[in-house]
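Right, one structure below, let's go through it.
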Amino acid sequence: MAGVDMALLEDLSRRGLINQATGDGELTQHLSESRTLYCGFDPTADSLHIGSLVPLLTLKRFQMAGHKPVALVGGATGLIGDPSFKAQERSLNTPEVIAGWVDKLKNQVSRFIDFGCEENAAIVVNNLDWTCDLNVLDFLRNVGKHFSVNNMVNKESVKQRIQREGEGISFTEFSYLLLQAMDFSELYQRYNCTLQIGGSDQWGNITGGVDLARRQYRGKVFGLTLPLVTKADGSKFGKTESGTIWLDAKRTSPYAFYQFWLNTVDADVYKFLRYFTFLVVDEIDAIEDADRQRDGRPEAQGILAREVTRLVHGEEGLAAAERISRALFSGDITDLSAADLEQLRLDGLPSSTLPKDFSGQSLINLLVDAGMAPSGKPVKDALGRSAVLINGEVKGMDSNATPAAVFSADKALSDNYFIVRLGKKKYHLFTLAD
RNA sequence: GCAGGGGUUCCCGAGUGGCCAAAGGGAUCAGACUGUAAAUCUGACGCGAAAGCUUCGGUGGUUCGAAUCCACCCCCCUGCACCA
């Protein structure tokens with residue numbers, strides 16, 4: 001069989017990827033042979049976001065070390081909703097919607113792990129397969145009997161919901177733990193899966209599964225949780241002004257994705273390199289040292305952005321993201337040729353076509369309509385502070401009423417294009433109507 | 001069902017008849033400084049370019065005037081629901 005990398009846990013630990021593990025250190029011993037492990041992803045949208053990247057990449061790390069990864073998509077658990085550390089009860093989605101999301105997630109997850117290799121090829125499973133036909137009485141007798149409500153109520157993950165004034169938890173969400181525990185037990189039965197990994201918020205659910213596998217099948221299985229990704233300034237990781245950073249290129253373009261990582265603050269960037277890339281830890285430490293000795297801008301952000309964008313969007317996505325970034329941030333946009341501009345559009349720079357007739361339009365509402373701002377206020381503010389540039393030229397409030405003059409054909413790049421910059425980082429490409 | 005508490009602008013949270021588009025904090029956006037950072041400072045932050053318009057669970061009412069008072073309804077939370 002393929003060699004198993006015994007240093008895996010050591011490496012994970014150096015990366016700061018180990019939050020908590022069950023089994024008092026027995027896990028190291030357990031992983032001296034090739035094992036099967038799983039991680040679950042619930043369909044809460046039609047795409048995963050970068051919050052799921054840490055467990056996803058960790059599955060891959062395990063596979064690279066010789067273990068067999070199982071990616072579980074929660075077709076069943078997604079119907080219920082995980083209450084862990086959620087402040088409020090969530091509304092339910094319809095089974096049809098969830099089923100659609102499950103398919104999308106399966107595809108997405110599949111891109112990160114290897115299904116072709118002989119020894120430890122990955123598999124994707126759906127927990128709906130073993131829960132949809134389960135009847136309530138069987139469930140209550142065979143699964144429910146193994147759980148103590150006293151114990152469940154004391155789980156940290158639901159405590160705030162139960163104790164906090166003004167909140168509560170439905171029986172539906174309360175039961176979530178049992179479903180996830182059942183998954184682990186089931187995968188143990190089916191595939192001899194003996195390890196579950198997940199975010200630190202999953203600790204309660206994972207230990208539930210460890211207990212259930214033991215009680216039902218006398219199975220000795222393990223759990224390992226990964227840290228929640230936090231930012232140095234305390235704000236939520238993975239959100240920006242334009243919303244969540246998704247893994248799906250249709251939701252977050254490779255360019256926007258690349259820019260997200262490029263904008264990582266210094267205080268977080270080395271940690272993120274350890275979390276989100278496969279660069280070896282020594283190499284990351286070397287980057288950090290080199291950056292420290294240099295004045296000015298560190299290299300780490302660029303490396304991080306390149307590595308992660310390549311992992312998620314491939315070489316092509318990365319190339320596109322870099323092309324746009326170079327054109328917009330380190331060149332003179334008026335030098336761009338028509339072909340260059342067309343390429344930027346293909347690469348995913350947000351773009352739209354200007355209306356034929358400008359009457360009744362103001363510059364502000366043209367930009368708002370193009371999606372550059374949610375309302376006119378920020379644009380007005382920007383206009384008043386010389387923060388709107390069209391083809392490199394500053395526009396002020398006085399241009400607002402005369403969009404026809406601003407977007408006249410003789411001012412267009414290559415007779416057809418306008419690059420509008422709002423603030424420092426927001427760009428949009430306009431083309432004239434045919 | 002009964003009793004009590006509560007529903008305010010993205011979030012938290014003040015406001016209990018006019019001075020309220022509604023304190024404060026957070027988040028977010030823009031500017032300065034920078035490195036397409038951070039920290040800091042400044043400005044914005046319901047909609048509208050503006051005049052102005054529309055908000056405080058819903059509907060109706062009282063009033064010159066309501067987020068604030070009244071009525072009914074909806075939703076959430078807590079407790080009770082044999083003994084009570």
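Hydrogens, waters and symmetry mates are skipped; everything else that's a heavy atom, side chains included, is used. Letters A, B, ... mirror the listed sequences (proteins, then strands); counts begin at 1. What you are looking at is a predicted structure, and each value in this text was computed from that prediction instead of being measured.
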> Any side-chain N or O of Ser325(A) under 4.0 Å from OP1/OP2 of U36(B)?
Replying inline: no
>> Under the side chain to side chain donor-acceptor pair (under 3.5 Å) test against Thr77(A), which residue among Asn205(A), Asn127(A), Asp82(A) passes?
In response: Asn127(A)
> Going through the distances and angles, do Tyr176(A) and Phe171(A) end up as a ring-ring contact (aromatic ring centres under 6.0 Å, His included)?
Replying inline: CA-CA 9 Å; Tyr176(A) 184 92; Phe171(A) 184 73; over 10 Å; no
> How are the rings of Phe407(A) and Phe358(A) set to each other: parallel, tilted or perpendicular (split at 30° and 60°)?
Replying inline: parallel
> A50(B) P sits how many Å from Ile364(A) CD1, rounded?
Replying inline: 7 Å
> From A30(B), A37(B), A49(B), pick the nucleotide closest to the side chain of Ala387(A)?
Replying inline: A30(B)
>> Rounded to whole Å, how long is the line connecting atom CZ of Phe329(A) with atom P of U34(B)?
In response: 19 Å
> Leu383(A) has an atom CG; how far is it from atom P of A50(B), in whole Å?
Replying inline: 11 Å
> Leu262(A) CG to A38(B) P: how many Å, rounded?
Replying inline: 12 Å
> Cation over ring, Arg306(A) on Tyr258(A), under 6.0 Å and within 45°?
Replying inline: no
>> From CG of Leu422(A) over to P of A30(B), roughly how many Å is that when rounded to an integer?
In response: 7 Å
>> If you go through the side-chain atoms of Gln301(A), does one of them form a donor-acceptor pair with the base of U36(B) closer than 3.5 Å?
In response: no
> Mind checking who A71(B) pairs with, Watson-Crick or G-U wobble, both distances under 3.5 Å?
Replying inline: U59(B)
> Could you state the CD-P distance from Glu322(A) to U36(B), rounded to the nearest angstrom?
Replying inline: 16 Å
>> If I compare all heavy atoms of Ile113(A) with all of Ala122(A), which pair ends up nearest, and what's the gap?
In response: CD1-CB, 3.7 Å
> For the base of G31(B), is there a side-chain donor-acceptor partner from Asp381(A) under 3.5 Å away?
Replying inline: no
> If only side-chain N and O atoms of Lys380(A) are considered, is one of them under 4.0 Å from the OP1 or OP2 phosphate oxygen of A50(B)?
Replying inline: yes
> Arg297(A) has a side chain; which of U42(B), U36(B), A38(B) sits nearest to it?
Replying inline: U36(B)
> Among U36(B), G43(B), A37(B), which is the nearest nucleotide to the side chain of Arg385(A)?
Replying inline: G43(B)
> Among A37(B), G35(B), U34(B), which nucleotide sits nearest the side chain of Lys425(A)?
Replying inline: A37(B)
> Can you tell me how far P in A27(B) sits from the matching atom in C20(B), rounded to whole Å?
Replying inline: 26 Å
> Phosphate oxygens OP1/OP2 of U28(B): is one of them under 4.0 Å from a side-chain N or O of Lys426(A)?
Replying inline: no
>> Between Arg274(A) and Asp285(A), is the salt bridge (charged side-chain N to carboxylate O under 4.0 Å, His left out) condition met? List the steps.
In response: CA-CA 9 Å; Arg274(A) 284 187 276 271; Asp285(A) 290 344; 3.3 Å; yes
> Nearest of G48(B), A49(B), A37(B) to any side-chain atom of Lys377(A)?
Replying inline: G48(B)
>> So if I take every side-chain heavy atom of Pro378(A) and compare against U36(B), C29(B), A38(B), which nucleotide ends up nearest?
In response: C29(B)
>> Would you measure the distance from the C1' atom in U8(B) across to the matching atom in U54(B) and give it in whole Å?
In response: 16 Å
> Which whole-number value in Å describes the distance from Asn365(A) CG to G48(B) C1'?
Replying inline: 11 Å
>> Please give the distance between the C1' atoms of A44(B) and A21(B) as a whole number of Å.
In response: 15 Å
